[in-house]
Amino acid sequence: MLNDAPDWLNTHLAATLPDMHTNEQRMRWVIDLARENIAQQTGGPFAAAVFDINSGKLIAASVNRVESLQCSLAHAEMMALAAAERHVGHFDLSATDLDANGMACELVTSSEPCAMCFGALPWSGIRRLVCAARAVDAEKIGFDEGPKHPNWQRELERRGIAVQRDVSRDEAVAILIAYHASGGMIYNGLFMR
Ligand SMILES: [Zn+2]
């Protein structure tokens, strides 16, 4: 189920993609997916993608699908990691470091990972996390980011995962605000109790 992408995204991915050599280019592309996920009404205002750090090659991309799949696990980051792992045929994306191509994976996400997605990162084998909006930005419109470790960046870096924040943050925040203003569903552990 975590590999399920909406039809519009599969069509989008089948098209020729632009070169995305910088993190800013990759993030803008990911943010466009979040915007389209709202427009297509296929999920929440979040998107994520896995790239090869060195070449900029897209490995997998996904969007939030919690509501459309009725699956609390279906955050964009979890979906993108699952799709990338299936694509490379290994549960540990760092195993691809051994490839002749020297591939190393990064997760580019339109919003900082919540507690669940943060928890999944060390087991995924990514080597870098790139975020746009901060957790506080998602919390401002009502999402609950969960009980994340207060030193989450340091915990990731201790495990060999570099963290880069605030890449195109303003653009990602604008999408969160637009989603909220349009009456988009806000779901989380606090909301449901
Ligand atoms: Zn999450």
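Whatever order the structure lists ligands and atoms in, that order sets their numbers, starting from 1.
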Worksheet entry | Smallest separation among heavy atoms of P45 and S110, with atom names |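 Here P45 and S110 meet closest at O-OG, 4.1 Å.
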Pairs of donor and acceptor atoms involving the side chains of residues 164-171, under 3.5 Å and at least two apart or interchain, shall be tabulated with distances.
unit_1 : atom_1 : unit_2 : atom_2 : d
Q164   : OE1    : N23    : ND2    : 2.6
R165   : NH1    : Q153   : OE1    : 2.8
R165   : NH2    : E112   : OE1    : 2.7
D166   : OD1    : R134   : NE     : 2.8
D166   : OD2    : R134   : NE     : 3.4
D166   : OD2    : R134   : NH2    : 2.8
R169   : NE     : D137   : OD2    : 2.9
R169   : NH2    : D137   : OD1    : 3.1
R169   : NH2    : D137   : OD2    : 3.3

Discussion item. For E155, is there an ion pair with R159 - N to carboxylate O distance below 4.0 angstrom?
Written reply: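 Counted as a salt bridge, because a side-chain N and a carboxylate O are separated by less than 4.0 Å.
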Worksheet item: Any ion pair linking E157 and R154 (charged N to carboxylate O, less than 4.0 Å)?
Response: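 Looking at E157 together with R154, the answer is no, because their closest N to O distance does not fall below 4.0 Å.
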Below 3.5 Å, can you tabulate the donor-acceptor pairs from side chains in residues 172-180 to any protein atom, sequence neighbours excluded?
unit_1 : atom_1 : unit_2 : atom_2 : d
Y179   : OH     : M185   : N      : 3.0
Y179   : OH     : M185   : O      : 2.6

Discussion item. So, using side chain to side chain contact (heavy atoms under 4.5 Å, CB included) as the criterion, who are the partners of A49 when residues are at least two apart?
Written reply: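 With sequence neighbours excluded, A49 shows a side chain to side chain contact (heavy atoms under 4.5 Å, CB included) to W29, V30, F51, L58, A61, given in chain and number order.
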Fill in: Total protein N, O or S atoms, the Zn ion (ligand 1), separation less than 2.8 Å
3
